[in-house]
Amino acid sequence: MGDIQALRGTRDILPEEVNYWQQVETVAKEILTKAAYTEIRPPIFEQTALFERGIGEATDVVSKEMYTFRDRGDRSCTLRPEGTAGVVRAFIEHGLQSQGVQRLWYTGPMFRYERPQAGRQRQFHQIGLELLGSPSPLADVETIALATDILERLGLQHLTLELNSVGDASDRQRYRAALVEYLTPYKDQLDADSQDRLTSNPLRILDSKDEQTQAILEKAPRLLDYLGEESRQHFEQVKAQLTALGIDYKLNPNLVRGLDYYTHTAFEIQSADLGAQATVCGGGRYDGLVSQLGGDDTPAMGWAIGMERLILLLKQLKDPPDPRLDFYMASRGDRAPAQALILAQKLRHQGFRVELDLSGSRFQKQFKRADRSGAVACLILGDAEADQGTVNLKWMATQEQSVLKQNQLLANSEELRQQIWQAAHQE
RNA sequence: GCGAGCGUAGCCAAGUGGUUAAGGCAGCGGAUUGUGGUUCCGCCAUUCGUGGGUUCGAGUCCCAUCGUUCGCCCCA
């Protein structure tokens, strides 16, 4: 074993797994494209200040999980811990608000310095979406619907959409004051983390898992009761529209989410089939973020799907989609292998999927590999065939074989395609 | 950052202080100089994550360290 290994919390996605990734990317891209979302590709690292201001200094992500370093120009840079801040920065920097509502999606790696566990790594991947410029509750619902579309199209089951509203900034301020007032007398009875949060980030005490803390919270003021009329109406419309689309949800008044920028709608899609990290998709509305980062006041809504978690679920369901090999090309001799490559290339140009055996080993071994490769047919080229411009075509399932002129094989590609299709579907 | 479990080949593993470290899968070569899915034979760990210690003797016990897994925190 070599002494250099992938860093803790990072891993290689090997060929046997990559088909899952491509399937997810294909499905997501198709669904998002149909809803007029276009891809955006911001850089993977940004100025540290972007995340500090965007996500919030008091959050765990910023205070202890960022990969931050100084470059040779002594700038403080940070590997993106999430996608929204970079997209919003690009939106502001390029004046995209002047082009009306922006529907954007992105995919790629994110980085957080955390202890790895099931469904969590230091480099992980997200597919995310941002809808900027619409304050409508319908915008919230459109994005949520697209998330559920993607997950359903991939065949996932046992998913729960958890929903809450955290109100607007002034609602939260009033609620925060009320909550702190209620909790302060109980301070000594709260768990240690919650005691700290009482001053730093009181709302997040709500989703503490500590039993005693939860017991105290039972009689605490409820966030939903502190929503202003506007926030309340917004939330009602979101719920009504979800129902109209046939999307089930479960209200979770303690769903607060970790990042500071959320307003109004907050949601998570959770799976019962994951470990402790059950959230497959999380997101919400963030009406204050664009202006907070120096742009024009712009309402926005977005979410991110955790690819690793999604693929964990996919693996429980089914084998990866496996593109079938049309031909396995066996060759051996002095002149045949070189000619085999030329023939393979011509077949590939016609759209066939062809694997060329480069081993030069005995035909028996090459057949064994042809068998294992799952190819529908095997093409055999020895020096005898090479000298005559012929090739031996063998159908793996029936063992039928025939000698054809190479030109003839190439000239009848449509017929060949049909034969392959039939052979592949006879099993 | 905290807690617990686990590190024997590419993968799955047996081994619980005593001569040369089972077995299986995969891989490679051969039986069969050009015909597969079966079979048979051979090859594939001077060494048990790493370093130190205990012992006549350590994969096996102890300590440290690194890695990994699951959980806490938090999040996708």
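Given the structure is predicted, the values throughout are model-derived calculations rather than measurements.
Considering only the side chain of Q399(A), rG36(B) comes nearest among rG36(B), rG71(B), rU35(B). Checking rA26(B), rG34(B), rG29(B) against every side-chain atom of K365(A), the shortest atom distance belongs to rG29(B). For D60(A), the side-chain atoms get nearest to rC73(B) when compared with the rest of rC73(B), rU33(B), rU35(B). Taking every side-chain heavy atom of D371(A) into account, rG37(B) is the closest of rG37(B), rG71(B), rA76(B).
Using a 4.0 Å heavy-atom criterion, one finds that L310(A) contacts no nucleic acid atom at all. Among the atoms of the strands shown, none is found under 4.0 Å from any heavy atom of E82(A). Contact annotation for R362(A): backbone-only contact, meaning every heavy-atom pair under 4.0 Å involves sugar-phosphate atoms and none involves a base. Residue contacts shown for M396(A) include a base, since a base heavy atom lies under 4.0 Å away. A384(A) comes within 4.0 angstrom of a base, heavy atoms only.
Of the residues in residues 111-123 of chain A, those placing a heavy atom less than 4.0 Å from an atom of RNA chain B are R112(A), E114(A), R115(A), Q117(A), A118(A), G119(A), R120(A), Q121(A), in numerical order.
Taking the C1' atom of each, rA58(B) and rC12(B) are spaced 25 Å apart, rounded to whole Å.
Expressed to the nearest 0.5 Å, how far CD1 of I44(A) lies from SG of C77(A) amounts to 13.5 Å.
Comment: R369(A) does not engage E355(A) in a salt bridge, judged by the lack of any side-chain N to carboxylate O separation of less than 4.0 angstrom. Classification of R153(A) and E30(A) as a salt-bridged pair holds, one side-chain N sitting under 4.0 Å from a carboxylate O.
Distance W395(A) CH2 to rG37(B) C1': 18 Å, rounded to the nearest Å.
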